Each structure stands twice: as C-alpha cells, then as structure tokens.
Asks: 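Dropping the structure in here first, questions after.
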Amino acid sequence: MPRFFDDYSNTYLTHDSAAGRKQQRRGWKFRENFRLHYEKNLEDWRSGVMGLAAAQQAYLRTNGHFNVPPLPEGWEEVEDGATRAVYYIHEESGKRAWVRPGFVPPAPGGGPPPHHHHNNNNNNNNNN
C-alpha cells in the first residue's frame with residue numbers, strides 16, 4: 001500500500017487513509033510546518049510587483065480613486081473585460097502593467113507599521 005507523503009513536514013505518514021491524513025492535518029506540527037512553508041515566500045510576494053498590484057487593486061475596489069495621485073503623462077487606465085481589474089497602458093511605448101505608476105497604497109488600517117510605535121513605558125523605567 002503506498003504511503004502518503006506530506007510536503008510540508010517532508011515526511012511519510014504511516015497510514016495512508018483519509019482518517020489518518022485528516023488527523024495529521026489537524027495537528028499543531030502540521031499547522032506550524034504549513035505556516036513556515038508559505039511564510040518564507042510571502043514577504044517576497046508582498047514586496048514584489050504582483051503583491052503591489054494586488055494591494056493597489058484592493059485599495060481601488062474599496063476606496064475608489066480617493067487619495068490616488070493622477071496618472072503620469074502618457075498613461076491610460078483600462079478595465080480588463082474578463083476580470084474587471086484595472087490595468088495601465090503607456091500610449092507611446094505600448095507598455096502594459098497591472099501596477100499603477102507612481103502609486104503605493106497606504107498600509108491596511110491607515111496607521112504606520114507596528115515597528116514605528118515607541119513604548120514610553122521603557123523610557124520611564126530607565127529613569128528610575
């Protein structure tokens with residue numbers, strides 16, 4: 001009987017049954033390995049072009065064009081008929097892009113990233 005190979009933990013399960021796989025997927029070790037497997041690529045995706053494009057599309061869907069700078073000279077906004085997502089065309093060069101030129105949407109929640117917060121309690125404790 002073939003054994004089930006789990007890509008996230010890089011191991012074989014001893015029993016290849018639906019119940020065995022289900023039990024393994026519920027375990028803390030599987031969930032931790034699953035998180036680690038995808039976490040290493042998540043930051044690259046978020047900082048890359050497609051992460052920026054997804055963030056821009058989400059911002060435009062929820063906020064419209066509020067607080068969005070105008071397109072640079074020569075760029076045109078076009079809606080994709082199949083996905084209804086917006087893409088951009090540079091008229092002179094014919095270049096097409098999913099990323100809106102010159103626009104980085106604000107962080108979700110509108111505030112600065114968490115690492116910018118200062119803890120005043122530490123400063124008060126140092127004065128004692």
Side-chain angles (χ1 to χ4, degrees):
M1 179 160 106
R3 296 186 297 172
F4 178 77
F5 184 76
D6 178 38
D7 293 326
Y8 304 113
S9 61
N10 205 23
T11 59
Y12 285 97
L13 298 181
T14 55
H15 302 289
D16 185 24
S17 65
R21 288 191 302 272
K22 187 175 182 181
Q23 181 178 0
Q24 191 263 347
R25 299 268 192 234
R26 288 181 179 164
W28 68 267
K29 194 171 187 177
F30 168 80
R31 291 194 310 261
E32 179 67 12
N33 287 331
F34 183 87
R35 184 184 65 77
L36 291 173
H37 178 80
Y38 286 105
E39 193 173 71
K40 62 185 172 191
N41 300 316
L42 187 59
E43 205 51 48
D44 289 340
W45 181 83
R46 283 182 179 151
S47 63
V49 174
M50 291 312 295
L52 178 56
Q56 286 181 347
Q57 295 289 335
Y59 182 85
L60 292 172
R61 273 193 307 276
T62 56
N63 300 306
H65 283 76
F66 179 71
N67 283 340
V68 176
L71 284 169
E73 190 70 32
W75 285 91
E76 177 186 358
E77 184 175 290
V78 180
E79 185 178 287
D80 180 55
T83 63
R84 309 207 34 98
V86 175
Y87 67 96
Y88 306 92
I89 299 176
H90 189 262
E91 295 166 355
E92 272 185 38
S93 66
K95 179 180 177 183
R96 296 168 184 251
W98 289 106
V99 175
R100 183 183 180 95
F103 173 59
V104 176
H115 67 274
H116 287 286
H117 295 290
H118 298 287
N119 189 351
N120 291 333
N121 292 338
N122 288 343
N123 294 340
N124 293 339
N125 291 339
N126 291 339
N127 294 335
N128 293 337

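Note that the coordinates shown come from a computational prediction; the quantities given were computed from them, not determined experimentally.
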Asks: Does the plane of the ring in Tyr59 sit parallel, tilted or perpendicular to the ring in Phe103? Use 30° and 60° as the thresholds.
Replies: tilted
Asks: List for me each residue that meets ring pair (Phe, Tyr, Trp, His ring centres under 6.0 Å) alongside Phe5, sequence neighbours excluded, and say none if there are none.
Replies: Tyr12
Asks: Who pairs with Thr62 by side-chain contact (heavy atoms from CB on, under 4.5 Å), at least two apart in sequence or on another chain?
Replies: none
Asks: Which ILVMFWY residues can you reach from Trp98 by hopping between side chains whose heavy atoms are under 4.5 Å apart?
Replies: Val78, Tyr87, Ile89
Asks: So do Leu60 and Val68 actually touch side chain to side chain, heavy atoms under 4.5 Å?
Replies: yes
Asks: With a 4.5 Å limit on heavy-atom distance, are the side chains of Leu71 and Glu76 in contact?
Replies: no
Asks: Where do Gly102 and Pro69 come nearest, in terms of heavy atoms and distance?
Replies: O-CG, 3.6 Å
Asks: Other residues, nucleotides and ligands only: do more than 12 of their heavy atoms fall within 6.0 Å of CD on Glu92?
Replies: no
Asks: So with a 6.0 Å cut-off around CD of Glu73, is the heavy-atom count from everything else above 12?
Replies: no
Asks: Applying ring pair (Phe, Tyr, Trp, His ring centres under 6.0 Å), can you list everything that pairs with Tyr88, at least two apart in sequence or on another chain?
Replies: none
Asks: Sequence neighbours left out, what passes side chain to side chain donor-acceptor pair (under 3.5 Å) with Arg26? Give chain and number order.
Replies: none
Asks: Just by modelled atom types, is the Pro70 backbone N or O under 3.5 Å from a matching donor or acceptor in the Arg100 side chain?
Replies: no
Asks: Given the rule in the side-chain contact (heavy atoms from CB on, under 4.5 Å) test, do Arg96 and His90 qualify, once you have shown the distances and angles that lead to the verdict?
Replies: CA-CA 7 Å; Arg96 296 168 184 251; His90 189 262; over 6 Å; no
Asks: Going by the rule side-chain contact (heavy atoms from CB on, under 4.5 Å), which residues pair with Lys29 if we only count those two or more places apart in sequence or in a different chain?
Replies: Asn33
Asks: With heavy-atom distances below 4.5 Å as the criterion, would you say the side chains of Pro105 and Leu52 are in contact?
Replies: yes
